[in-house]
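Note that the coordinates shown come from a computational prediction; the quantities given were computed from them, not determined experimentally. Letters A, B, ... are given to chains in the order of the sequence lines, protein chains preceding strands, and every chain is numbered from 1.
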2 protein chains.
Amino acid sequence: MAAVRNLDALDDVIHQKVRLAVMSCLMASGEVDFNSLKHALGVSDGNLSTHLTVLEEHGYVDVRKEFVGKKPRTTYTPTPLGRKAFESYITVLEALVKTG
Amino acid sequence: MAAVRNLDALDDVIHQKVRLAVMSCLMASGEVDFNSLKHALGVSDGNLSTHLTVLEEHGYVDVRKEFVGKKPRTTYTPTPLGRKAFESYITVLEALVKTG
């Protein structure tokens with residue numbers, strides 16, 4: 001059986017379910033607003049906010065706040081660092097689940 | 001953006017890193033003994049034991065204890081339920097990370 005060399009390399013920031021779903025959405029769509037993410041993931045405001053803050057603090061997402069008419073809108077985009085981290089995560093994950 | 005319908009469907013029992021690595025090894029090898037798993041994953045006895053117990057309690061792995069000469073050996077195999085859960089996890093994960 002081959003050694004699983006990369007268990008530590010599986011980025012904990014991205015591996016958490018909600019954050020993985022957020023990053024997947026952002027990678028696919030380029031930018032997504034808070035309400036769309038909330039709707040897509042079916043999570044609470046608080047839960048989503050918590051995980052978006054973690055992603056922001058690690059420099060994986062950029063946040064833009066603006067008003068659309070009188071309504072505030074917060075939009076998230078993946079940073080180059082976030083894109084690289086996501087792609088690396090997928091590579092490590094694929095190698096892990098194929099471990100022989 | 002498509003809804004991420006299956007966030008809850010991503011099995012928490014398997015999603016945890018060490019358990020994911022264990023299940024990946026078992027799926028690939030059919031059966032693996034404790035020391036080989038420990039060596040492959042680079043985790044402590046206690047950490048590995050904890051996660052193997054969770055997998056056993058969920059019916060995902062079978063445990064066989066025997067002596068090889070004077071040395072005890074504990075071997076783990078994936079159950080049919082564990083195999084099905086792993087395959088389902090991979091399917092849900094693949095759909096999630098391709099979310100558009």
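- Residues that satisfy the side chain to side chain donor-acceptor pair (under 3.5 Å) test with Asp33(A), not counting sequence neighbours, are Ser36(A).
- What you find for His15(A) and Leu20(B) is that their closest heavy atoms are CE1-CD2, 4.1 Å.
- Residues Leu37(A) and Cys25(A) share a closest heavy-atom pair of CD2-CB, 3.9 Å.
- Within residues 72-91 of chain A, the residues that have a heavy atom under 4.5 Å from a heavy atom of chain B are Phe86(A), Tyr89(A), Ile90(A), listed by number.
- Residues Leu52(B) and Val61(B) share a closest heavy-atom pair of O-CG2, 4.1 Å.
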Pair up each side-chain donor or acceptor in residues 43-50 of chain A with any protein partner under 3.5 Å, not counting sequence neighbours, and list the distances.
| residue | atom | partner | partner atom | Å |
| --- | --- | --- | --- | --- |
| Ser44(A) | OG | Asn47(A) | N | 3.1 |
| Asp45(A) | OD1 | Lys38(A) | NZ | 2.6 |
| Asn47(A) | OD1 | His51(A) | NE2 | 3.2 |
| Ser49(A) | OG | Asp45(A) | O | 3.0 |
| Thr50(A) | OG1 | Gly46(A) | O | 2.8 |

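- Every residue meeting the side-chain contact (heavy atoms from CB on, under 4.5 Å) condition with Val13(A), not counting sequence neighbours, appears here in chain and number order: Asp11(A), Arg19(A), Val54(A), Leu55(A), His58(A), Tyr60(A).
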